[in-house]
Visitor: 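One structure follows; several queries about it will come next.
This one's a predicted model, so the numbers in the text were calculated from it and none came from an experiment. Throughout, protein chains are lettered first and strands after them, A, B, ... in sequence-line order, and every chain is numbered starting at 1.
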Protein chains: 2
Amino acid sequence: MGIRAIERAMRVLQEMNLQPYTSISHLHKRTGLPKPTLVRILKTLEEAGYVENDPRLGGYQVSALVSSLSSGFHKEPMVVEAGRPWAIAITRKHQWPVSISLLDRDAVVVRFSTVPDSSMSPFHKTVNMRLPLITRGMGLAYLAFTAPEEFRLILDILRKSDDPEDELAHHPEQVLRRVERVRELGYATRSPHVEPRNSNTIAVPILNDDGRVMASLGLTYFTSAFGSEAEACEQYAPVLKAAAAQISRDLKRLSASPLT
Amino acid sequence: MGIRAIERAMRVLQEMNLQPYTSISHLHKRTGLPKPTLVRILKTLEEAGYVENDPRLGGYQVSALVSSLSSGFHKEPMVVEAGRPWAIAITRKHQWPVSISLLDRDAVVVRFSTVPDSSMSPFHKTVNMRLPLITRGMGLAYLAFTAPEEFRLILDILRKSDDPEDELAHHPEQVLRRVERVRELGYATRSPHVEPRNSNTIAVPILNDDGRVMASLGLTYFTSAFGSEAEACEQYAPVLKAAAAQISRDLKRLSASPLT
DNA sequence: AGAGGCGTTTCGCCAGGCGGAACGAACTTG
DNA sequence: CAAGTTCGTTCCGCCTGGCGAAACGCCTCT
């Protein structure tokens, strides 16, 4: 059980949002709270600026400031919503953690991760990790499937980066070679020289109905669990590709739904 | 000073809306609250459903339910915003209370009133009063200036009313006679047989730039303060008309403003 | 004039909310 | 690899904050 006064205040505030103005008597009927209690709560909310009690406008009403209590809420990206169950399913079946990343300027950022669901994770947590686009599997899987104009734009941005992992942006022909290879294979992995070396990530792109890349889906494993990277890729790349295709279909269905 | 725990919870919730996810450490830095306190507040908000702490998504974040804390907030109608200072000014100068009403289905509703600013008010409060369209000055001033199609629609609605003050809707020719008279005069007053008889209201329409009626503006006085209704109308009808014209201009300016 | 309802204030009560200290886990640094 | 630092959480004694029944003043209605 939490702090009683806070629970009550939220209940009162929620109730006040159900009609343009309200009275002590009405709130008493709706919430069951004693009137002296309501008066104290409303006085607190009024002094903090969330409530107004101007007789010119009728009883108590919520003020503009209540917007600040919800302005930061944004529904999660649909691709995360679509991908979540598939990521969880793969971790349940194969134990290794799976994550979904989205582009954020010059890197991808992990927006969902099943690390907490996995008992064999090389990392404690990966959500919110910012992963470079050239050297990390999650980043390269995204970059490789961007449209040509977007690809060039991103390369321009990377050239201005001071992150050593973006250094290769100054050698576009090398980046192009990697990108072509990834497009051939349909998946990307971490560059061999990049730490930590006791783990690796295999990643694939998630495309939308128009064939535009929306996110990357990756599985991370301990390198010691496999004889070679090729062995791991042979086993998991098909699993990730199939899941990404399913996520694309679910994403299309979600986008068409009137409830979103 | 209000309830301390409530003030703190609102402060934490506001801070959480400033970034997609946050941590105990970050909230401690931003609010100065001790970490055990923050943990208790967040636990309370989480149990109530306003906050989520899913490690798959990164730190603490606000949930969809915070929308219910602000969903009822709506900016007041612009015509009230525009009209408020003029209403207050008239009450300051002439003592009598002035109000602004807007259409709500088959009646007008007082959305703003300077009763609290007047020492000579026949009523304790009038905000939220629902005034019939045919028999009350505020209602008739609105009805008389509606467009023909809207007028017919409203008359249809009034015919279905069981309010005795709407009875005249069954005699359209009588309503039309009243309406024509009001359009001639440019103002309306309360029907003589309607209580309370110790007071009366003179009302004029507030039109927008297109000439559509947006609201009515009315002044209420004690009938005993004047020798006749004609005397009161002669004194205050011009004042109300001038104010309504100014409100129309202010409304136009507000509508053009990018900040609204 | 009296009854009923409204919003507000009072005040004694007691347990709720507090925060420093301590703890375990994870990360960073040398 | 060990030590130090930081994080999030739990503990627990303290004390005053939040509580609500009762009372009050005002307004409305009959």
Side-chain angles (χ1 to χ4, degrees), chain A residues 1-12 16 21-48 51-55 57-61 97 113 115-116 118-119 121-129 195-196 198-199, chain B residues 1-12 16 21-48 51-55 57-61 97 113 115-116 118-119 121-129 195-196 198-199:
Chain A
M1 184 60 81
I3 298 173
R4 194 181 187 213
I6 295 173
E7 288 166 350
R8 289 172 147 196
M10 306 315 280
R11 194 164 156 214
V12 166
M16 290 182 74
Y21 54 86
T22 188
S23 64
I24 294 286
S25 184
H26 179 82
L27 287 172
H28 171 61
K29 283 180 192 127
R30 297 287 302 173
T31 65
L33 297 174
K35 291 177 178 177
T37 303
L38 286 168
V39 169
R40 269 195 306 278
I41 291 173
L42 288 169
K43 180 168 171 280
T44 305
L45 293 173
E46 188 178 356
E47 283 171 1
V51 154
E52 286 172 353
N53 182 27
D54 187 330
L57 301 169
Y60 288 92
Q61 54 196 260
S113 167
V115 159
S118 169
S119 52
S121 173
F123 296 99
H124 173 62
K125 58 169 285 191
T126 58
V127 163
N128 301 325
M129 277 180 96
E195 292 283 355
N198 69 336
S199 73
Chain B
M1 185 59 81
I3 297 173
R4 194 180 188 213
I6 294 174
E7 289 166 351
R8 288 174 148 192
M10 306 314 280
R11 194 163 157 215
V12 167
M16 291 183 73
Y21 53 86
T22 188
S23 64
I24 295 286
S25 184
H26 178 82
L27 286 173
H28 171 61
K29 285 181 191 125
R30 297 287 301 173
T31 65
L33 296 174
K35 290 177 178 175
T37 303
L38 286 168
V39 169
R40 270 197 306 278
I41 290 174
L42 287 169
K43 181 169 169 278
T44 305
L45 294 174
E46 187 176 358
E47 284 170 2
V51 152
E52 285 172 353
N53 183 26
D54 188 331
L57 301 169
Y60 288 91
Q61 56 197 259
S113 167
V115 160
S118 169
S119 52
S121 173
F123 297 100
H124 172 62
K125 60 168 283 192
T126 57
V127 162
N128 302 326
M129 277 180 93
E195 293 284 354
N198 70 336
S199 73

Visitor: Write down the protein N/O and nucleotide N/O pairs, taken from nucleotides 3-8 of chain D, whose separation is under 3.5 Å; answer none if there are no such pairs.
Guide:
{"residue": "D:dC7", "atom": "OP1", "partner": "B:Ser25", "partner atom": "OG", "Å": "3.0"}
{"residue": "D:dG8", "atom": "OP2", "partner": "B:Ser25", "partner atom": "N", "Å": "2.7"}

Visitor: Between atom CZ of A:Arg30 and atom OG of A:Ser23, what is the distance when rounded to the nearest 0.5 Å?
Guide: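 Atom-to-atom, A:Arg30:CZ and A:Ser23:OG are 12.0 Å apart.
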Visitor: Output, in order, the C-alpha distance, side-chain angles, deciding distance and verdict of salt bridge (charged side-chain N to carboxylate O under 4.0 Å, His left out) for A:Arg11 and A:Glu7.
Guide: CA-CA 6 Å; A:Arg11 194 164 156 214; A:Glu7 288 166 350; over 6 Å; no
Visitor: Give a yes or no on whether the backbone of A:Val12 and the side-chain of A:Thr31 come within a donor-acceptor separation of less than 3.5 Å.
Guide: no
Visitor: Between atom OH of A:Tyr60 and atom OG1 of A:Thr22, what is the distance when rounded to the nearest 0.5 Å?
Guide: 10.5 Å
Visitor: Of all the heavy-atom pairs spanning A:Gly2 and B:Thr44, show the shortest one and how long it is.
Guide: CA-OG1, 3.3 Å
Visitor: side-chain hydrogen bond (donor to acceptor under 3.5 Å, both in side chains) with B:His26: which residues, sequence neighbours excluded?
Guide: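 Once residues adjacent in sequence are excluded, the partners of B:His26 under the side-chain hydrogen bond (donor to acceptor under 3.5 Å, both in side chains) criterion are B:Gln19.
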Visitor: Please give, in whole Å, the distance from C:dC27 C1' to A:Met129 CE?
Guide: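 In whole Å, C:dC27 C1' and A:Met129 CE are 13 Å from each other.
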Visitor: Among residues at least two apart in sequence or on other chains, which ones pass side-chain hydrogen bond (donor to acceptor under 3.5 Å, both in side chains) with A:Ser199?
Guide: A:Arg190
Visitor: Calculate the interatomic distance between A:Leu27 atom CG and C:dG7 atom P; express it in whole Å.
Guide: 9 Å
Visitor: When rounded to the nearest 0.5 angstrom, what is the spacing between CG in B:Leu42 and OG1 in B:Thr37?
Guide: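 Reported to 0.5 Å precision, the distance equals 10.5 Å.
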Visitor: Only one of B:Leu27, B:Leu38, B:Val39 forms a side-chain contact (heavy atoms from CB on, under 4.5 Å) with B:Leu33, so which one is it?
Guide: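 Of the listed options, the one satisfying the test is B:Leu38.
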Visitor: Summarise protein proximity over nucleotides 18-30 of chain D in one line of letters, 5' to 3': B for base, S for sugar-phosphate only, - for none, counting protein heavy atoms closer than 4.0 Å.
Guide: SBBBB----SS--
Visitor: In whole angstroms, how far is the P atom of C:dG19 from the NE2 atom of B:His28?
Guide: 11 Å
Visitor: Taking five pairs at each end of the helix from C:dA1-D:dT30 to C:dG30-D:dC1, what angle separates the two helix axes (nearest 10°)?
Guide: 40°
Visitor: By side-chain hydrogen bond (donor to acceptor under 3.5 Å, both in side chains), which residues pair with B:Arg4, not counting sequence neighbours?
Guide: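 Once residues adjacent in sequence are excluded, B:Arg4 has no partner under the side-chain hydrogen bond (donor to acceptor under 3.5 Å, both in side chains) criterion.
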